Peer 1: 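Below is a structure I'd like to ask you about.
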Amino acid sequence: MSRSAFDTAVIGGGLHGLSAALHLARAGRRVVLVEQNWVGRHASGATAAGVRTLGRDLAEVPISLESMEMWHRIEAIVGDHCGFHSYGQLRVAEFTAHLPSLEKRLETMHQQGYGHEEIIDRAELLKLVPAIAPHCVGALIARRDGAADPHRALRAFRRSCEGAGVVIHEGCGVTAIDRRGSDWHIRAGEQEITVPVIVNAAGAWAARLAALVGDDIPLGLKASMMIVTERLAPLLKPVVSVVGRSLSFKQSDQGTLVIGGGLQGRADIDAQKSAVDFTELAKGARAATDLFPSVKDVRITRSWAGIEAKTKDLLPVIGPSPNASGVFHAFGFSGHGFQLVPVVGSIIADLVVSGKTQRHISPFSAERLMTTRAAA
Amino acid sequence: MFRKLHEPEGAITVYVDGIAASAEPGESIAAVLLRAAPHWSRTTPVTQSKRAPYCMMGVCFECLAIVDGIASVQTCLTLVRDGMRIERQHGKRSLSA
Amino acid sequence: MTSVDLLIVGAGPAGMAAAVQARRFGLDVLVVDDQPAPGGQIWRSVETVAAAPRGKILGQAYQAGKPLADAFRASGVRYQPGTQLWQIEPGFRAFVTRDRQASTIEARSVILATGAQERPVPFAGWTLPGVLTVGAAQILLKSSGQIPEKPVWIAGSGPLPLLYLVQLLRAGGKIAGYLDTTPPGRRRAALPHLAKALGAAGDLIKGLAWMGMLRKARVPIVRHVADIEAIGSERIESLMYRTRTGQEKTVPADVLLVHEGVIPSIHGALALGCAVAWRDDQDCYAPVLDPWGESSQAGIFVAGDGAGIAGAQAASLRGELAALRVAVTLGRASEQAAAEAAKPIRRKLDRQLALRPFLDALFKPRPEIFAPSDATIVCRCEEVTAGDIRAMADVGRPGPNQVKAFTRAGMGPCQGRQCGYTVTQILAAAEGRTAQEVGFYRIRPPLKPVTLGELASLDRREKVS
């Protein structure tokens with residue numbers, strides 16, 4: 001392989017790596033993407049694929065809203081609708097005691113000038129989600145939110161990347177990164193790549209990658225568990241979460257219920273494996289059956305845990321490396337990165353191509369984690 | 001489709017889609033379904049094609065049916081009980097049913 | 001929460017023998033089993049049927065299961081029939097459901113004695129009502145005393161179709177014909193293994209006797225059948241078969257039974273992270289085990305056909321060996337005593353295993369099984385065709401797990417038990433790789449479809465308010 005074939009290497013074949021590669025290639029970069037396993041092996045293939053602005057950290061709201069606009073025209077971006085539906089996301093208050101937290105959130109949003117979240121009462125909640133337990137009293141809703149099909153999105157992003165000229169090498173884990181003049185020399189499986197620019201989108205393995213170029217960024221792990229059930233006749237359209245419990249509940253196009261919400265399984269980053277903890281997962285099943293009593297006898301067909309990186313403040317790292325010029329980070333999405341995929345790829349392309357971006361990304365700097373380092 | 005070799009001992013009655021069928025204590029619901037025309041247990045959630053018990057040992061999940069109101073029961077692993085109500089399962093499971 | 005020394009999963013020959021052996025050392029043993037009564041598939045309903053008229057129809061090898069079932073009952077083992085095991089977590093904590101109640105079991109050791117299943121044989125029309133496996137028909141005979149109403153077609157290869165045909169004759173059943181799919185040349189391939197197999201000559205003679213009975217009863221036999229197709233709209237109405245010499249015929253059919261050998265049930269072992277290795281001789285994966293049956297995961301044993309197909313007698317012997325080793329690891333027997341006790345068991349086991357190379361070569365599955373036509377459904381649950389799988393092989397070099405994500409093959413309730421090997425073999429052919437390289441689905445729990453309510457009942461938290 002000619003060493004000058006590429007000018008940009010993306011490390012990590014999850015959706016964020018693919019999105020960065022796609023935007024970079026469309027901006028005229030010659031991009032190679034290396035993936036240690038296969039495209040979408042971990043978090044991107046294990047996600048519930050919620051497309052959610054609802055309840056996001058204020059720091060994330062601007063890019064999340066921009067990303068939402070991109071999701072609404074995703075077919076124009078990647079040539080496929082990615083199974084995206086916009087039936088809204090709801091955060092349900094089961095009891096009146098839970099309403100004040102939602103009201104406070106809404107007030108904050110209004111103060112900041114955001115109007116995409118609203119509160120609905122019990123009557124509207126029951127109208128939107130007839131299957132919900134009648135004891136629920138109301139909800140916070142973002143009506144333009146929704147969900148997508150992660151595998152369909154993976155294929156669409158991958159095809160678009162390849163169509164834009166991105167070369168993808170799977171089964172190539174990075175073992176070394178060295179300076180070669182102003183370039184970086186990467187060894188990844190059988191590949192030897194010399195490029196001036198590296199994008200670190202290595203998910204749960206991103207801290208190790210960062211360390212190879214001299215950035216010591218403390219990163220935790222998540223192994224969020226998911227439940228998928230047998231196919232059911234249509235039951236609900238919006239994605240439902242609930243105050244005070246770990247639950248995210250939706251129905252896929254195929255009719256299966258997809259139940260998550262951040263309950264944690266076990267992750268082994270070295271073995272690249274994760275495992276479900278059923279005692280913990282029972283809480284999710286309990287929340288699901290409490291909120292949707294009619295699903296009590298529905299059969300679970302699969303469950304799993306995906307591995308991804310978590311930061312101390314649960315905000316991602318998006319931006320240039322503090323210590324290594326030409327290296328850009330995009331990781332640490334802490335369990336809510338799927339919705340941000342389109343916009344973050346675009347931000348990375350901005351940073352690489354022009355050295356700056358219009359988007360407000362200072363809250364996502366790597367430095368914030370490095371200077372206030374704490375024991376994990 | 002199938003027939004018993006002997007007169008059932010201590011025969012009991014189950015109902016398949018409301019129609020009485022004779023059954024023998026100790027046999028599976030799937031065995032009864034293979035004697036009760038029309039000989040299928042469910043239609044698939046994907047194309048609504050008809051399916052009947054296939055493996056009889058719990059590994060193919062073709063014999064799913066609604067038993068006493070509970071859907072997606074593996075009838076090859078479930079023994080008959082007197083008065084049991086068995087319904088053939090149509091397509092995607094419906095929770096209002 | 002129940003707590004035991006040894007959890008045995010499955011009450012077939014291996015599970016029962018392991019339980020009896022473990023009880024001799026005073027171990028606290030719990031056996032859980034899907035089925036309503038002990039015996040496994042080979043000895044289904046043996047306790048009630050062995051002495052009944054049906055026992056005679058089924059034959060001596062069937063009736064021979066009764067003493068072990070009796071010993072099992074008398075051993076003082078805790079036994080939970082009708083119980084589905086759906087997960088085992090490290091430690092070990094097992095999750096089961098019985099009578100719609102979920103519970104957990106803590107166990108110091110686990111023996112997986114989950115047996116075998118028939119090798120899935122995809123062909124056009126195999127999902128039609130009226131197409132069943134031979135094993136299914138035999139279970140119907142054992143547990144329900146029922147046989148096909150009208151003349152039945154049987155297609156396949158191996159000892160089981162022959163045995164079932166003989167049992168059907170004894171029961172007064174009507175046989176439309178036997179479509180023997182064993183390809184030409186298999187006898188020659190098996191011959192070199194014959195001498196070694198003679199240690200178990202009884203089984204060989206039995207097989208020859210079956211053939212004699214079929215000839216005497218003038219059962220129509222079509223040899224060297226290469227392809228079959230079941231035809232019908234709502235159920236099988238006719239079937240087409242084609243021989244290797246190109247002879248093609250379509251005949252009316254009411255019931256078609258198929259069988260192309262058996263394969264180990266490995267879902268439990270895979271879910272537990274036990275290493276498996278490809279077996280060229282049996283065209284399947286089997287767990288990697290030490291001479292006692294302990295897997296790569298310490299404390300998890302696999303015994304019986306789940307450890308590699310070897311038949312009921314070998315299964316019992318492997319169960320005894322595993323239980324001996326468990327007794328040692330739990331401090332109830334010395335290494336020396338176990339080694340001594342194992343000697344005669346290993347001798348008998350060797351004799352049983354000596355028969356396998358001959359049978360494996362004689363009944364090696366025909367290649368067509370692994371290369372169904374594009375239109376043939378491969379994943380019965382999600383109705384994914386062989387063509388759908390092949391179409392996925394164009395992007396990258398996907399393995400079974402990527403194909404599963406993109407096509408939904410293997411995502412249905414059977415968890416890939418009916419399509420796993422076919423997907424592996426189709427990808428191997430399309431990508432020029434071996435089945436071993438392509439690998440198998442990652443098995444995601446639960447192993448059996450527990451309900452949300454059953455799982456929720458394991459959450460002991462106080463009610464939310």
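Heavy atoms only: backbone and side chains are in, while hydrogens, waters and symmetry mates are out. Naming: A, B, ... by sequence-line order, numbering from 1 per chain. Note that the coordinates shown come from a computational prediction; the quantities given were computed from them, not determined experimentally.
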Peer 1: I need the minimum non-hydrogen distance between B:I70 and A:R299, along with the two atoms involved.
Peer 2: CG2-NH2, 3.8 Å
Peer 1: Which region of A:L235, side chain (C-beta onward) or backbone (N, CA, C, O), has a non-hydrogen atom less than 4.5 Å from a non-hydrogen atom of chain B, or is it both or neither?
Peer 2: side chain
Peer 1: Anything in residues 78-86 of chain B with a heavy-atom distance to chain A below 4.5 Å? Please list those residues in order.
Peer 2: none
Peer 1: Heavy atoms only: give me the nearest B:P45-A:R231 pair and the separation to one decimal.
Peer 2: CB-CD, 3.6 Å
Peer 1: Got a donor-acceptor contact below 3.5 angstrom from the B:R93 side chain to the A:E230 backbone?
Peer 2: no
Peer 1: Taking only residues at least two apart or on different chains, which pairs with a member in residues 6-60 of chain B satisfy ring-ring contact (aromatic ring centres under 6.0 Å, His included)?
Peer 2: B:W40-B:H90, B:Y54-C:W126
Peer 1: Check whether more than 12 heavy atoms from other residues, nucleotides or ligands sit under 6.0 Å from atom NZ of A:K237, and answer yes or no.
Peer 2: no
